[in-house]
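Inspection log for the structure reproduced underneath, given as structure tokens.
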Amino acid sequence: ESLMFRAENSEVTRPTRTVSSYLQQSMSDSATDPVVWTYSTWIKSSVLLGNPESAFDDRRTFISAMPTAATPAEETTTRLYMDEPIMTIKGLSTVYRTYTTGITKGYAVIGEWVHLLISFNSGNDAGTRYKFFVDTTDITEDFTGSNPALDSGTGINASTDTTYQIGQDIYLEDDEGISAGWEGYMSDTHFIDGTEKVPADFTETNSNGVLVPKTYTSSYGTHGFWLKFESGALGTDSSGNSNDFTTNNVIAQDRVPDCPENNYTILNAGDAFGSGEVLGDVMNCVRGGLTYEAGDTSTTACIRGTSQGKVNAGKWYWEVLSGGGASGVFFIAGISDPTVTITSAHTGTGAYYQSDGANGKFYVDGSETLSSLTVIDNAGTDILMVALDMDTAKMWVGVNGTWEQSGDPAAGTNPQVTGLSGFYVPLCAGRSNNSGFVNFGQDPTFGNQKGAGATSEFQYTPPTDFVSMSAANA
């Protein structure tokens, strides 16, 4: 399981988020060794880091620390964050180490689980006081910038009373328009006080050749903690130290089964169409890639799913809840060929349902093929069901538990489209502030928008043999 971190406010089109979900702990005991520590975590980003056309600094912070008695400020806060896509250790108003080619190394890729490890030992030679690993690769030599002085500490693991935040920068810098919260997921997060560690202490390769977490078996030190993000204990420290964190702006539904061992499809903020607009100005994606909102224009904008949902075989099921918009419902959901560049929601190769609040229709390859389908017009109530059978090249849609045109995906009869070939990913689209909430099996409540579902994965029971879009089902 993992915890979804949300850096958002009520207006998801605004680049600066003012309500972040985060965990906080204030430690008063002396550290085992304030100049030696290791931070290990699994991360999955759901946003496009460092949009070069954005006027905002898209800072996304993993962990930050500050003396408990201090006032949050640039000079009192140490943080590890990623932007532009730069991974930075910044402390006491000095950028200690900066790595500027993150995307090429893979750890800023939307929808991919990556293991990140940072260790610090100020007794080491200057170039190796900080060490950085992505998965199992040592990328320390790729970092530039200054180093802390020999045998000096950082704000992290300090010997004084220290407040830590996971998923947010303590010093938010809202006046500079900085979005300081992590937008995505974290899993199996460890902090080790007093010891340098390496990825092999926390990771292993499973029988499928996938790097996954393994149980850490050594000492944590006084300030150490292990966050497993378990149900009902999201901030509980499982290291044995009882360094429990309090949760802020976190709901039970933020804990999801998405994890390094079983990666789920989300919406891909890097694969969205906005009619020539700056990415994000017309189609925005928040809440871990499970909520989308079109911009305040009449241009239809769309977004596709991540590569985990790229399928050419198997039987798949997912749901989309209509969120409505300022000018009524305009709702599109279906599938798209990921190899085709989207030039609008009505071109390219794929198939989808569309409702404008008055008419329900179906389109294939940009052309209308069916009309008089059930209309989705109740924001926050109506749910579109999608069943995709790539073994028989068919697709069905349904609304609120009833399949259109007496369709029966389990029996393979009365589909809305046949003859599908190649690869497809999920597609969503809208305009004029229309929003939607998707569920590929992570959360049947759509972020607490609905009550408990018919199953642990969905509001409605999937057709027989149709499964959620996760790696375990591939």
Would a distance-only check, ignoring hydrogens and angles, find a side-chain to backbone donor-acceptor pair under 3.5 Å from Gln25 to Asp244? yes
Lys131 with Asp138: basic N within carboxylate O range, under 4.0 Å: no
Using the side-chain hydrogen bond (donor to acceptor under 3.5 Å, both in side chains) criterion, which residues pair with Asp33? Sequence neighbours excluded. none
Classify the ring geometry of Phe225 against Tyr164: parallel below 30°, tilted from 30° to 60°, perpendicular beyond 60°. perpendicular
Close aromatic pair by centroid cut-off 6.0 Å: Phe120 and Tyr130: yes
Contacts of Thr205 meeting side-chain contact (heavy atoms from CB on, under 4.5 Å) (sequence neighbours excluded), chain-then-number -> Leu211
Do you see a donor-acceptor pair shorter than 3.5 Å between the side chains of Thr163 and Ser26? yes
Can any side-chain N or O of Ser336 pair as donor or acceptor with the backbone N or O of Val425 at less than 3.5 Å? no
Donor-acceptor check, side chain of Thr455 to backbone of Phe458, threshold 3.5 angstrom: yes or no? yes
Is a side-chain donor-acceptor pair under 3.5 Å present for Gln459 with Glu319? no
To the nearest 0.5 Å, what is the distance between CG (Leu3) and OG1 (Thr247)? 8.5 Å
Listed partners of Lys197 passing side-chain contact (heavy atoms from CB on, under 4.5 Å), at least two apart: Thr38, Ile192, Thr195, Asp201, Phe202, Tyr216, Ser218
Verify whether one side chain among Asn121 and Trp37 offers a donor that lies under 3.5 Å from an acceptor in the other. no
Mind checking salt bridge (Lys or Arg N to Asp or Glu O under 4.0 Å) for Glu230 and listing every partner two or more places apart, or none if nothing turns up? Lys228
For Asn206, what residues pass the side-chain hydrogen bond (donor to acceptor under 3.5 Å, both in side chains) criterion, not counting sequence neighbours? none
Does NZ or CZ of Arg431 come closer than 6.0 Å to the centre of the six-membered ring of Phe330, within 45° of the ring's axis? yes
Any donor and acceptor pair, going by atom type alone, linking the side chain of Asn262 with main-chain N or O of Ala471 inside 3.5 Å? yes
I'd like to check the ring pair (Phe, Tyr, Trp, His ring centres under 6.0 Å) partners of His223; sequence neighbours left out, ordered by chain and number. none
Does some side-chain heavy atom of Tyr424 sit less than 4.5 Å from a side-chain heavy atom of Lys310? no
